[in-house]
Amino acid sequence: MTRAFLIVMDSVGCGGAPDAADFGDEGANTLAHIAQACAAGRADAGRSGPLRMPVLDGLGLGAAIRLASGAETPGLAATPTGLWGAATEVSRGKDTPTGHWELAGVPVPWEWTTFPDTDPAFPPDLLAEMARAAGTEGTLCNTHASGTEVIERFGAEHLRTGWPICYTSVDSVLQIAAHEEAFGLDRLLDVCETLAPRLHAMKVGRVIARPFLGSEATGFVRTQNRRDFAIAPPAPTLCDRVQAAGRRVHAIGKIKDIFSGRGIDTVAKGSDAALMEALIAAGQVAEGGSLTFANFVEFDSLYGHRRDVAGYARALEWFDAQLPRFLATLRPGDLAIFTADHGNDPTWHGTEHTRERVPVVGYGVGVHEVGIVGFGDIGATIGAHLGIEMFDMGKAMLP
């Protein structure tokens, strides 16, 4: 039995979304703008020259970007040798659960609740409930902010008061940051888990625990122990269907959190470097008929939100350089699809995700142009490859 690998490069969009203007993102293009910046010498910190991604570009990455948006892609000009195209999202949103659910065959049937860009952003009763759950007299921040900014601004005060730091963004999310040792990791997770049912009832997509370490003297840094308490998908996903067919589903990265643990058999977490080793190990040992579903988040979390073009380019080149090790583990008949869940253009204004199409690049079925497809077509293709019942949403792209 052949296997399938669905690999999400978090936030690695390719522009061209037809409704981007509705989100204030008309013209955003994560991959094209990074490639253009590299070619112009504007992304030379820790690297230099045009963007180099020979493996994914050889499969069709550059062609996928040009198809999606018509943008120039200096450095990405190979003739495709794999499955390639671009995907358009139909759900209203540009965040992680929306993108991943739709990739797995389940569009979001509701409008997500978001919090206003005010100070405070959260209603008083929610702040009071958070303080009660934390056993503190109050909370800190309570507004729109970036995760690295809030620990710099409030880390020292958090250590003095013990109050949790809570913040949000344009996404449907409540994030709570706390010191992993002084506040306690288990305590932070308990606070988030306690609040999650209320937020989910409000159609807020995620409550995210954001632990950090450090001191005012040394500086503060987030750890790898992030955990997302996500609302459950409203219908069976690709993971559920594969598992229901008696197959195994291996989650790498934050996949288990995104799908609320449903349809998952094994979990690997850690830095993107650790996740790459887990992906390579899955290629070596995953069972016939299994699905390995991976998310590599650091493109988004370390570089997109921080508007670090050179860092994003370094991460893309590192990822591509690891792929020969992974592809060498694949067996005849296996299918690997590389895609994304949304954009996060590091050349764009603000620090938020960007509404974009995403690339679709596949290995294992020879040369095959799929054109502009839907996110749901990716899940349907994985299902068809594994012989799983087709979805209501999506059509298989296989030749």
Side-chain angles (χ1 to χ4, degrees), residues 2-20 30-31 56 59-61 63-69 80-109 233-242 245 247 249 255 258-259 263 291-295 333-343 355-399:
T2 59
R3 307 173 300 171
F5 299 81
L6 179 53
I7 300 147
V8 178
M9 301 177 290
D10 203 298
S11 86
V12 184
C14 57
D19 58 358
T30 301
L31 278 166
L56 288 177
L59 292 174
L61 182 63
I65 303 167
R66 296 188 295 274
L67 173 68
S69 60
T81 62
L83 179 151
W84 65 278
T88 304
E89 189 172 19
V90 299
S91 300
R92 295 290 296 177
K94 52 179 181 177
D95 59 3
T96 293
T98 305
H100 281 75
W101 289 5
E102 195 167 313
L103 289 171
V106 179
V108 178
T237 69
L238 173 66
C239 301
D240 296 314
R241 292 173 184 257
V242 171
R247 316 287 184 79
V249 179
I255 297 298
I258 295 167
F259 293 98
L291 167 65
T292 297
F293 198 164
N295 171 284
D334 285 349
L335 172 65
I337 293 180
F338 299 88
T339 187
D341 52 346
H342 50 73
R355 179 75 166 188
E356 302 179 38
R357 284 178 168 142
V358 300
V360 181
V361 179
Y363 177 92
V365 293
V367 183
H368 185 57
E369 179 182 354
V370 301
I372 301 293
V373 298
F375 276 36
D377 296 331
I378 298 171
T381 300
I382 296 290
H385 177 77
L386 294 176
I388 304 299
E389 180 184 355
M390 296 298 290
F391 299 93
D392 294 334
M393 178 188 192
K395 180 179 180 181
M397 304 178 293
L398 296 174

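Along the sequence shown, residues carry numbers from 1. Model, not experiment: these values are computed from the prediction.
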Engineer: Work out which heavy atom in Leu59 is nearest to a heavy atom in Pro80; give both atom names and the distance.
Structural biologist: O-CB, 3.7 Å
Engineer: Relative to each other, are the rings of Phe259 and Phe293 parallel, tilted or perpendicular (30° and 60° limits)?
Structural biologist: tilted
Engineer: Nearest 0.5 Å, what's the CZ-CG distance between Arg92 and Asp19?
Structural biologist: 6.0 Å
Engineer: If I compare all heavy atoms of Ala64 with all of Pro359, which pair ends up nearest, and what's the gap?
Structural biologist: CB-CB, 4.2 Å
Engineer: Under the ring-ring contact (aromatic ring centres under 6.0 Å, His included) rule, collect the residues that match up with Phe338, sequence neighbours excluded.
Structural biologist: none
Engineer: If you compare all heavy atoms of Ala340 against all heavy atoms of Val12, which two are closest, and at what distance to 0.1 Å?
Structural biologist: CB-O, 3.3 Å
Engineer: For the atom pair OG1 (Thr96) and CD1 (Ile255), what is the distance rounded to the nearest 0.5 Å?
Structural biologist: 9.0 Å
Engineer: Apply salt bridge (charged side-chain N to carboxylate O under 4.0 Å, His left out) to Arg3 and list each qualifying residue two or more places apart in sequence or on a separate chain.
Structural biologist: Asp334
Engineer: Show me the pairs that pass salt bridge (charged side-chain N to carboxylate O under 4.0 Å, His left out) and involve residues 80-90, at least two apart or across chains.
Structural biologist: Glu89-Arg355
Engineer: Look up atom CG in Asp341 and atom CD in Glu356, then write down how far apart they are to the nearest 0.5 Å.
Structural biologist: 11.0 Å
Engineer: Applying side-chain hydrogen bond (donor to acceptor under 3.5 Å, both in side chains), can you list everything that pairs with Arg247, at least two apart in sequence or on another chain?
Structural biologist: none
Engineer: Do you know which two heavy atoms are closest between Ala86 and Leu67, and how far apart they sit?
Structural biologist: N-CD2, 4.1 Å
Engineer: Calculate, to the nearest 0.5 Å, the distance between atoms CZ and CD1 belonging to Phe5 and Ile337 respectively.
Structural biologist: 12.0 Å
Engineer: To check you understand the geometry: which heavy-atom pair defines the closest contact between Ser69 and Cys14, and what is its length?
Structural biologist: OG-O, 3.4 Å
Engineer: So, do Leu335 and Thr381 sit near enough that their side-chain heavy atoms are less than 4.5 Å apart?
Structural biologist: yes
Engineer: Go through the structure and list residues passing side-chain hydrogen bond (donor to acceptor under 3.5 Å, both in side chains) with Asp240, not counting sequence neighbours.
Structural biologist: Thr237, Arg262
Engineer: Can you name the residues that form a salt bridge (charged side-chain N to carboxylate O under 4.0 Å, His left out) with Asp10, not counting sequence neighbours?
Structural biologist: Lys254
Engineer: So, Thr30 side chain and Gly343 main chain: donor-acceptor pair closer than 3.5 Å or not?
Structural biologist: no
Engineer: Would you say Arg357's side chain and Ala68's backbone share a donor-acceptor pair under 3.5 angstrom?
Structural biologist: yes
Engineer: side-chain hydrogen bond (donor to acceptor under 3.5 Å, both in side chains) with Thr292: which residues, sequence neighbours excluded?
Structural biologist: none
Engineer: What distance separates Met9 CE from Asn295 CG, expressed to the nearest 0.5 Å?
Structural biologist: 11.0 Å
Engineer: Could I get the full list of side-chain contact (heavy atoms from CB on, under 4.5 Å) partners for Pro234, not counting sequence neighbours?
Structural biologist: Trp101, Val106, Pro109, Trp110
Engineer: For Ala4, check side-chain contact (heavy atoms from CB on, under 4.5 Å) against everything at least two apart and list the hits.
Structural biologist: Leu291, Ile382, His385, Leu386
Engineer: List the atom pairs, with distances to 0.1 Å, where a side-chain N or O of residues 361-380 and a protein N or O form a donor-acceptor pair under 3.5 Å, not counting sequence neighbours.
Structural biologist:
residue	atom	partner	partner atom	Å
His368	NE2	Met397	O	2.8
Asp377	OD1	Lys395	N	2.7
Asp377	OD2	Gly374	N	2.8

Engineer: CG/Leu31 to OG/Ser11 distance, rounded to the nearest 0.5 angstrom?
Structural biologist: 9.0 Å
